[in-house]
There are 2 protein chains.
Amino acid sequence: MDNAVAALEHDRGRLGRSSTAERVADILRDRIAEGLFAPGQRLSEEAIGAALGVSRNTLREAFRLLGHERLLEHRLNRGVFVRVLSAEDVADVYRVRRVIEGAAVRNSPRAAPEAFAAIRETVADALRAAREDRWQDVGTANIRFHQTLVTLNGSPRLDETMRQLLAELRLVFHVMENPRAFHEPFVARNLELLELMEAGRVAEAERALEDYLDDAERLLVRAYTPHP
Amino acid sequence: MDNAVAALEHDRGRLGRSSTAERVADILRDRIAEGLFAPGQRLSEEAIGAALGVSRNTLREAFRLLGHERLLEHRLNRGVFVRVLSAEDVADVYRVRRVIEGAAVRNSPRAAPEAFAAIRETVADALRAAREDRWQDVGTANIRFHQTLVTLNGSPRLDETMRQLLAELRLVFHVMENPRAFHEPFVARNLELLELMEAGRVAEAERALEDYLDDAERLLVRAYTPHP
DNA sequence: ACATAAGTATTGTTCAACAATTCGACAAGA
DNA sequence: TCTTGTCGAATTGTTGAACAATACTTATGT
C-alpha cells in the first residue's frame, strides 16, 4: 500500500495545471496555430476579453505568456499582435533546428529504444494521413516527428525549446497555399532518416537531416518572398 | 551630424523597453542573481508590491515574466517562489550547454572575426579580475565568455536560450562557498579553448569544451549534494 | 497640400472588493 | 495516540471600475 501511494508521485504534475489565464492562453495558442488569427493581426483586449468572458487583467496575463512564447508581439501602448516572422526569423529557426536536431541524431546511438518506437509512430501517422488525403494532418505528423526526434537528446529543456520553435513555424506554414506539395515529399524522407538512425549509420543520418532542413527552409523562404 | 543621428539607431533597442512590469522584473532578476532572494524563498505579492510601490496586478505581470525565464516557480494559489534547481536540473542545463556550445565550437571556422575579439575581451576581463582578487568578477567574466562563445553560432535565438541557461545557473552558483576555488581554474581553460579555436583546431577545441563542461558540472553537483 | 491641433479610442496602471484555495490549529471520535 | 473533520486566518485568483498616458484619427487653419 505504501508502494501505491509512492506511485502517485508520478501524477502530481496533473494537479496544479489550471488557472484562468493559462486556459485562456491555451485557447489563443490553438487559434493562432490553426491560423484563425492571422499574423500581424491585432488582438484587442476589450473584444477578446468580452468574447471569452474574462477580465482585462486576466487576459493581459495570458498575453504575457504567449508573448514569451514568441507567438504574440507586445508593442507598448499599442497592444498585442500576432507575430509576423521575417525571412531572417525563419532562417534563425532553422539554424537552431540544425543544432538541436543534429545533436539528437548524433546522440541516437545512446538513446532509449522506446524513443525510436515513438518516432516510428509519427511516421505511421503521416503515412496513414497521406493515404487518406488529409494533408493538414500529414503536416502535423511531420511536426511531431521532429518534436519526437529531439527527445533522443534526453533533455526536457531542449524538448521545450523545440516545442516553441515549431509553434513559431506554424505561424509561417499558413503561407503555403498548397499543403500537399509542401508536406508530402517529406514523409518518405523522415522515414529514411529514422531507418538510418536505427541502423546506426549516424553520419549518413546527419547528412539526411541537413538536406531535409535545407530543402524545407528553401521552400518556406521562397513562398515567403514575393515570387521573382 | 547626419552620422551622429545614424549612430542613434544603435540605441533604439532601449527605447521601447519600458513598462513598469518589465522594470520590476529587471529589478527582481538582479536581486535573485545576486542571491538576495534565496532559492526556495517565497515572494509575497503584498510585501514586494508595497516595497516597490507597484500594484499587485503589475507585480503579477512581472512574476509571469520571470516565471517564463524559469527564475521563479509559480504554484497555483500558493504564490511564487525563487526557483530551486534539482541536481537533475543542473544536469539538464549542462546537457543543453554541451549541445549549444559544442555547435558554436564546430561553427567557429565560419564565424566572424569580430566575435573572437569579443571572446578574447572576456578572457582579459577574467585575468584582470583574478590579478586583483575579485573572484566574484572572475565568475561573471567566465559566464560572459560562454555567453559570447555562443554568438559564434550567429543565432539570436540560441543567444537568448544561453542567456536563460546561465541565469538559471546563477541560482546554483551561490552554493559554492569558495568562489575562488570554483572560478579560478577555469580562466586558463577558457583561454586555451579560445586559442584552439583561433588556430582552427576544431576537434581539439571540442574536446577541451567537453572536459570543461564535465568538470564544471561535477563540481556543481558535488557541492549540491550533502557531502559523503 | 501640409503642418498643427483637437478629439477619440486603446492600452497602462492602480485600487478595492470578493471568491477560491491553502495551511495550521484544534476539537471530536475511534 | 492517531486519524479525521472543521474552523478561521492569510494569501492568491479574478473581477470591475476608474484614471492617466499614449497612439491614432479627424478636423482646422495657413
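Because the structure is predicted, anything quoted here is derived from the model rather than measured. The sequence lines fix the lettering, A, B, ..., with proteins before strands; numbering per chain opens at 1.
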**Q.** Footprint string (nucleotides 8-13 of chain D, 5' to 3'): B base within contact, S backbone only, - free, heavy atoms under 4.0 Å
**A.** ---SBB
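Here A/Gly53 lies in heavy-atom contact (under 4.0 Å) with sugar-phosphate atoms only.
One atom, CG of A/Asn57, and another, C1' of C/dA16, lie 12 Å apart when rounded to the nearest Å. What separates CG of B/Leu59 from P of C/dC15 is a distance of 13 Å, to the nearest Å. The distance from atom CG of A/Leu72 to atom C1' of C/dT11 is 15 Å, rounded to the nearest whole Å.
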Extract all donor-acceptor atom pairs below 3.5 Å that involve side chains of residues 34-55 of chain A and protein atoms in other chains or at least two apart in sequence.
residue	atom	partner	partner atom	Å
A/Gln41	OE1	A/Ala38	N	3.1
A/Ser44	OG	A/Glu46	N	3.3
A/Ser44	OG	A/Ala47	N	3.0
A/Glu45	OE1	A/Arg56	NE	2.9
A/Glu45	OE1	A/Arg56	NH2	3.2
A/Glu45	OE2	A/Arg60	NH1	2.8
A/Ser55	OG	A/Asn57	N	3.4
A/Ser55	OG	A/Thr58	N	3.3
A/Ser55	OG	A/Thr58	OG1	3.3

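A salt bridge between B/Arg23 and B/Asp26 is absent, with no side-chain N of the basic residue lying under 4.0 Å from a carboxylate O of the acidic one. Ion pairing of B/Glu160 with A/Arg70 is absent here, as no side-chain N (NZ or NE/NH1/NH2) approaches a carboxylate O to less than 4.0 Å.
Classified by interplanar angle (parallel below 30°, tilted 30° to 60°, perpendicular above 60°), the ring pair B/His68/A/His68 is tilted. Between B/Tyr212 and B/His146, the two ring planes are tilted [angle within 30° to 60°].
Side-chain N or O atoms of A/Asp89 include one that pairs as donor or acceptor with a backbone N or O of A/Ser86 at under 3.5 Å.
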